[in-house]
Each structure stands twice: as C-alpha cells, then as structure tokens.
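Okay, structure first, notes after.
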Amino acid sequence: MFTGLVSDIGTVLDVTGDDRLRRLTIRCAYDPTGIALGASIACSGPCLTAVSVEPTEGGAVFAVDAAAETLARTTVGAWQPGRRINLERSLKIGDELGGHLVTGHVDGLAEIVAHERVTDAESSWGASERFTLRAPADLARFIAPKGSVCLDGTSLTVNTVDGDLFTVLLIPHTLEVTTWGERRQGDRLNLEVDLIARYAARLTEARARTGTEPVSAAGSSRCRWRGRRGRRCPPR
C-alpha cells in the first residue's frame with residue numbers, strides 16, 4: 001500500500017525486453033541498503049517489484065519488471081531512457097498516512113485536456129497550476145468533487161467534475177517535488193481511482209442486482225439481509 005505522497009523522482013536509465021515482459025533500470029536517491037529484493041516501489045503509479053538493487057553515487061540503481069498487463073494498461077510501455085518518474089516506497093506499520101490509500105493498481109489512463117497557471121512563480125506563493133483531465137468513461141463514475149484520485153503516483157483532491165472531465169490543482173510544493181511541472185496538454189497519466197469509491201460502487205451494484213440490504217451488524221445471529229418487501233430470513 002502507498003499514500004500517493006511522492007518521495008523521490010527517479011530517472012529511467014535502460015529499457016530491455018518486448019511487449020510480453022520489459023525490464024526497466026531506474027536511478028533514484030534512495031539508500032540502497034533500505035531497498036530489499038522483492039520490495040514494492042510505486043513508479044509513477046504502478047506498484048512494481050525491485051528485482052535488483054545496486055549502490056551508486058548519491059543513491060541507488062534498481063531494476064523492475066513490467067509484464068504485459070502493466071505495459072498495456074499504463075504508460076510504462078512508452079517509457080524510454082531519460083524519462084523522469086515519481087517514486088514512492090511502500091507503507092510500513094506506523095507510517096503517516098498523509099495522502100489517501102493507494103494500491104498501485106492502475107485502473108486506466110487519464111488525458112490532460114487543458115491546464116492553466118493560477119499563480120506565477122514570481123508571486124509570494126510560487127507557481128501553481130490547475131489541470132483539466134478526461135477520465136475513461138467507465139472510470140468517471142468513481143470520481144467525485146472533493147474526493148481523491150491518484151495520478152502518476154500523486155494523491156490529489158478533485159476540485160470539479162463535469163461528466164468525464166475533472167480538475168485538480170497543483171500547489172507549488174507538488175510541482176517542485178514531482179514530475180507534474182513537466183506535464184503538458186495531451187499527456188496521458190496513470191489513473192487509480194479511490195479504493196473506497198470502487199468498493200462502495202461494487203456493493204451498490206450487488207445490492208441492486210439482488211434486491212437486498214443489510215439489516216443487522218456482521219456476526220449477528222439474526223439474518224443479515226432483508227428483501228425488497230421487508231421479508232426476513234426464516235428462523236434457523
């Protein structure tokens with residue numbers, strides 16, 4: 001699990017393989033002694049497994065493997081040497097949950113359709129920008145105003161929603177410590193919708209299909225479900 005708070009920007013050094021399996025070598029500022037083989041690292045959204053780790057000046061070089069599903073569903077398939085990516089280490093028990101719960105399982109790609117400067121770099125606040133993005137039609141229903149989304153591994157609050165379009169605001173700090181300052185109109189970003197929204201929708205759909213609703217707490221000896229006409233389960 002992750003929080004969507006980017007802790008480093010890595011650089012892709014090498015890419016090998018094909019559309020079935022690709023290995024990417026990434027340079028970062030993380031302490032190599034703190035990255036175990038098999039560790040999970042969120043790389044601009046997708047949770048990838050470190051398959052090798054080597055020390056280098058100022059940090060570490062680690063490699064990850066991306067399989068066909070990841071290559072097809074995310075931007076990873078388009079990454080080339082020189083690409084800068086947002087990195088986050090996985091949560092440990094007791095770590096601060098500063099963003100929102102993120103799994104690193106990308107749901108689809110969002111496209112930047114517009115962005116505007118809100119404050120200039122010369123202002124006392126520093127530069128901030130508002131981005132308008134288009135979500136895939138099947139994911140738009142999971143995005144709500146004031147809800148959370150994870151875009152390229154960054155936890156952000158949704159400002160407005162209009163159909164499949166939504167906006168997010170990037171404050172100066174986020175623009176400085178992530179790759180968002182490099183994003184332009186037409187770019188596609190890895191999108192993970194809010195975990196709670198996804199499960200809430202799933203439960204609502206299941207309830208609509210079965211016509212049932214919960215009537216007592218889990219673990220109760222009484223029947224937990226009631227039909228549309230209010231009929232309870234028969235005594236055991």
Student check: side-chain heavy atoms of [X] and [Y] closer than 4.5 Å:
X: P136; Y: L191; value: yes
X: T154; Y: V168; value: no
X: T179; Y: I85; value: no

Just jot down the side-chain contact (heavy atoms from CB on, under 4.5 Å) partners of [X], sequence neighbours excluded, or say none.
X: L101; result: M1, L97
X: R73; result: E69
X: D120; result: R117, E122
X: Q185; result: none

> With sequence neighbours left out, which residue pairs that include part of residues 23-81 fulfil the ring-ring contact (aromatic ring centres under 6.0 Å, His included) condition?
Replying inline: none
> Which pairs, with at least one residue in residues 141-189 and sequence neighbours excluded, count as a ring-ring contact (aromatic ring centres under 6.0 Å, His included)?
Replying inline: F131-W180
Strictly distance-based, threshold 3.5 Å: is any side-chain N or O of [X] a donor or acceptor partner for the main-chain N or O of [Y]?
X: D8; Y: A29; answer: yes
X: R22; Y: G77; answer: yes
X: N190; Y: L151; answer: no
X: E88; Y: T3; answer: yes

Cluster link [X] to [Y], ILVMFWY, side chain under 4.5 Å:
X: V76; Y: V106; value: no
X: V12; Y: L189; value: no
X: L91; Y: L195; value: yes

Under the 4.5 Å side-chain heavy-atom rule for ILVMFWY, direct or indirect, which residues accompany [X]?
X: V177; answer: none
X: V6; answer: none
X: L21; answer: none
X: V113; answer: L165

> Counting only heavy atoms not in R188, do more than 12 fall under 6.0 Å of its CZ?
Replying inline: no
Under 3.5 Å, sequence neighbours excluded: what are the donor-acceptor pairs made by side chains of residues 43-52?
residue, atom, partner, partner atom, Å
S44, OG, N86, N, 2.9

>> With side chain to side chain contact (heavy atoms under 4.5 Å, CB included) as the criterion, how do I35 and I41 come out once you've worked through the C-alpha distance, each side chain's angles and the decisive distance to 0.1 Å?
In response: CA-CA 9 Å; I35 304 176; I41 301 176; 4.2 Å; yes
>> Under the side chain to side chain donor-acceptor pair (under 3.5 Å) definition, can you give me all pairs with a residue in residues 32-43, not counting sequence neighbours?
In response: D31-T33
>> To check you understand the geometry: which heavy-atom pair defines the closest contact between R183 and D187, and what is its length?
In response: NE-OD2, 3.2 Å
> For L156, which of L170, L133, T167, L169 qualifies under side-chain contact (heavy atoms from CB on, under 4.5 Å)?
Replying inline: L170
